[in-house]
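Just so you know, these numbers come straight off a predicted model, no measurement behind them.
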Amino acid sequence: MNSVEQVESTEEEQKSVKDALLSAYEKNISTKLKAELCNLDVNNFVNTKEASARYEKSEQWCTSRWYQFKVLLQRGVRERRYEAFNRLRIFQVISVAVLGGLLWWHTPASHISDRIALLFFFSVFWGFYPLYNAVFTFPQERTMLIKERSSGMYRLSSYFLARTFGDLPLELALPTAFVFIIYWMGGLKPDPLTFILSLLIVLYSVLVSQSLGLAIGAILMDIKQATTLASVTTLVFLIAGGYYVQQIPSFIVWLKYLSYSYYCYKLLLGVQYNEDDVYECGTGGLCRVGDLPAIKSMGLNHLWIDVAIMALMLLGYRLLAYMALHRVRLR
């Protein structure tokens, strides 16, 4: 019992000493040190309080937003380029693209169901793969973020914008290579404009998916909890994506409108087909694409509304992630 009490008293003493040192630092050193770093002439002031007032009155940050953004962007790109383009990740994406291309090798136009399945595979793979990668971002950087922000190195907005723009070339390169490989191997519509639109839709979905992953990671700040929630979310979005269940009961039909995979899948269908297009049926005749149950349940009209909804998701998830980071305690 005595040893336990001694351990507890020692821990309490260590905590009280730590709190006292932090308090003394904040009162006597912190402001003066920051003022010196910001090139303020603190020797002209009588005491620390006067220096603190002068410091607060002048400028809270030593550098501009642009300078902070530029430095953080350069650092982020240098650090993450090896992670984004490591051999294992490249092999994973390219092998899936080649395998998918072989499975859907030059699918005939008459096999419209197989082509639709390929488009849904586009929306699923690049709807979920970036999400799982993004979930780890903020929980892994939490310690560094707290340490650097506590010392007043940069604004949270500068860090967040640098993270956002720095990820664009890194996160969009592999999806571009993926679409280049599997689109032409799969025998989809051989039209350059259709190919470019399909690529843009996939990249758009990647950004939305990554935004949701960042939001989940920022809110929970725990890798295990974040991956669990991401798994449940992706499963719901997969089922409600419009391919597996075409007639969802009315009381739960709202779920599909929360799924960005649903909008990505619909947009991919919309650039590949028109409702008045025809394909060769099993009986040898021609059937209207719009009458196919898989197409009819989705509808190919008002595609710009789907683009706008995905834009709202993109901005909403990013804003949610930013607000969640504001709640992270710096000490």
Side-chain angles (χ1 to χ4, degrees), residues 92-93 96-97 99-101 103-104 107 111-135 171-189 194-213 230-248 253-274 289 292-314 317:
Q92 183 181 18
V93 171
V96 171
L99 180 60
L103 290 173
W104 275 284
T107 305
H111 295 183
I112 189 170
S113 296
D114 290 341
R115 288 194 171 191
I116 291 175
L118 176 57
L119 296 176
F120 185 71
F121 176 66
F122 274 27
S123 68
V124 169
F125 186 80
W126 288 111
F128 301 152
Y129 185 79
L131 187 150
Y132 284 105
N133 289 326
V135 156
E171 294 296 331
L172 299 183
L174 288 179
T176 301
F178 180 93
V179 175
F180 261 101
I181 294 172
I182 198 171
Y183 187 95
W184 300 110
M185 290 182 69
L188 293 173
K189 194 173 181 180
T194 303
F195 167 74
I196 292 174
L197 290 175
S198 300
L199 174 61
L200 291 177
I201 291 169
V202 171
L203 296 182
Y204 196 22
S205 178
V206 168
L207 294 178
V208 177
S209 173
Q210 184 196 38
S211 301
L212 178 58
S231 300
V232 175
T233 303
T234 53
L235 180 61
V236 172
F237 285 179
L238 175 66
I239 297 174
Y243 181 78
Y244 292 112
V245 184
Q246 296 174 9
Q247 300 298 327
I248 302 177
V253 71
W254 53 270
L255 268 180
K256 73 177 182 180
Y257 299 115
L258 300 179
S259 171
Y260 53 83
S261 297
Y262 165 79
Y263 298 106
C264 177
Y265 175 46
K266 183 178 178 181
L267 289 171
L268 288 171
L269 287 174
V271 299
Q272 285 287 324
Y273 299 105
N274 292 316
V289 169
L292 189 70
I295 301 290
K296 193 173 183 179
S297 64
M298 295 294 294
L300 302 180
N301 300 319
H302 310 297
L303 297 181
W304 285 108
I305 296 178
D306 302 307
V307 173
I309 292 174
M310 289 186 71
L312 291 176
M313 288 183 173
L314 174 62
Y317 291 147

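Heavy-atom minimum distance, Ser205 versus Ser123: OG-O, 4.5 Å. Taking all atoms of both residues into account, the shortest heavy-atom contact from Gly270 to Leu303 is CA-CD1, 3.7 Å. In terms of heavy-atom proximity, Ala230 sits nearest to Val135 at CB-CG2, 3.9 Å. Of all non-hydrogen atoms in Val271 and Ser198, the two that sit nearest each other are CG2-OG, 3.6 Å. Among all heavy-atom pairs drawn from Ile239 and Tyr244, the shortest one is O-CB, 4.5 Å.
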Next on the checklist: Set out, in order, the CA-CA distance, both residues' side-chain angles and the distance that settles ring-ring contact (aromatic ring centres under 6.0 Å, His included) for Phe128 and Phe237, then state yes or no.
Outcome noted: CA-CA 9 Å; Phe128 301 152; Phe237 285 179; 7.3 Å; no
Next on the checklist: Could you walk me through whether Leu188 and Leu119 satisfy the side chain to side chain contact (heavy atoms under 4.5 Å, CB included) test, starting with their C-alpha distance in whole Å, then the side-chain angles of each, then the deciding distance to 0.1 Å, before giving a yes or no?
Outcome noted: CA-CA 9 Å; Leu188 293 173; Leu119 296 176; 4.0 Å; yes
Item to check | Residue pair Met313, Ile309: steps toward the side chain to side chain contact (heavy atoms under 4.5 Å, CB included) verdict | outcome: CA-CA 6 Å; Met313 288 183 173; Ile309 292 174; 4.2 Å; yes
Item to check | Working for side chain to side chain contact (heavy atoms under 4.5 Å, CB included), residues Leu258 and Val236 | outcome: CA-CA 10 Å; Leu258 300 179; Val236 172; over 6 Å; no
Checklist entry - After noting the C-alpha distance and the side-chain angles of Leu238 and Val124, does the key distance pass the side chain to side chain contact (heavy atoms under 4.5 Å, CB included) rule? => result CA-CA 7 Å; Leu238 175 66; Val124 169; 3.6 Å; yes
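Annotation: the span from Leu235 atom CG to Thr233 atom OG1 amounts to 9.5 Å, rounded to 0.5 Å. The line from CG of Leu267 to CH2 of Trp304 is 9.5 Å long, rounded to the nearest 0.5 Å. Rounding to the nearest 0.5 angstrom, the gap separating the OG atom in Ser209 from the OH atom in Tyr129 is 11.5 Å. Here the NZ atom belonging to Lys266 is positioned 12.5 Å from the CE atom belonging to Met310, to the nearest 0.5 angstrom. Between Tyr243 atom OH and Ser297 atom OG the span is 11.0 Å, to the nearest 0.5 Å. Between the CD atom of Gln210 and the CG atom of Leu172 there is a distance of 8.0 Å, given to the nearest 0.5 Å.
Under the 4.5 Å side-chain criterion, counting only non-hydrogen atoms from C-beta, Leu131 is in contact with Thr234. The shortest distance between side-chain heavy atoms of Leu203 and Thr176 falls below 4.5 Å. The shortest side-chain heavy-atom distance between Tyr132 and Ser231 falls under the 4.5 Å cut-off. Counting only heavy atoms from C-beta outward, the side chains of Tyr317 and Leu212 approach each other to under 4.5 Å. Side-chain contact between Tyr273 and Lys189 is absent, with no heavy atoms from C-beta onward closer than 4.5 Å. Leu118 places a side-chain heavy atom less than 4.5 Å from the side chain of Ile182.
With Trp126 as the fixed residue, the ring pair (Phe, Tyr, Trp, His ring centres under 6.0 Å) test singles out one of Phe178, Tyr265, Tyr260: Phe178. The side-chain contact (heavy atoms from CB on, under 4.5 Å) test with Val202 is passed by exactly one of Phe122, Phe125, Tyr183: Phe122.
Residue-environment remark: NZ (Lys296) stays at or below the threshold of 12 foreign heavy atoms within 6.0 Å.
Of the possible polar contacts, none joining the Gln272 side chain to the Thr194 backbone as a donor-acceptor pair under 3.5 Å is found. Proximity of a side-chain donor or acceptor of Trp104 to a complementary backbone N or O of Gly187 within less than 3.5 Å is not detected.
The aromatic rings of Phe195 and Trp184 sit tilted relative to each other, their planes meeting at an angle between 30° and 60°.
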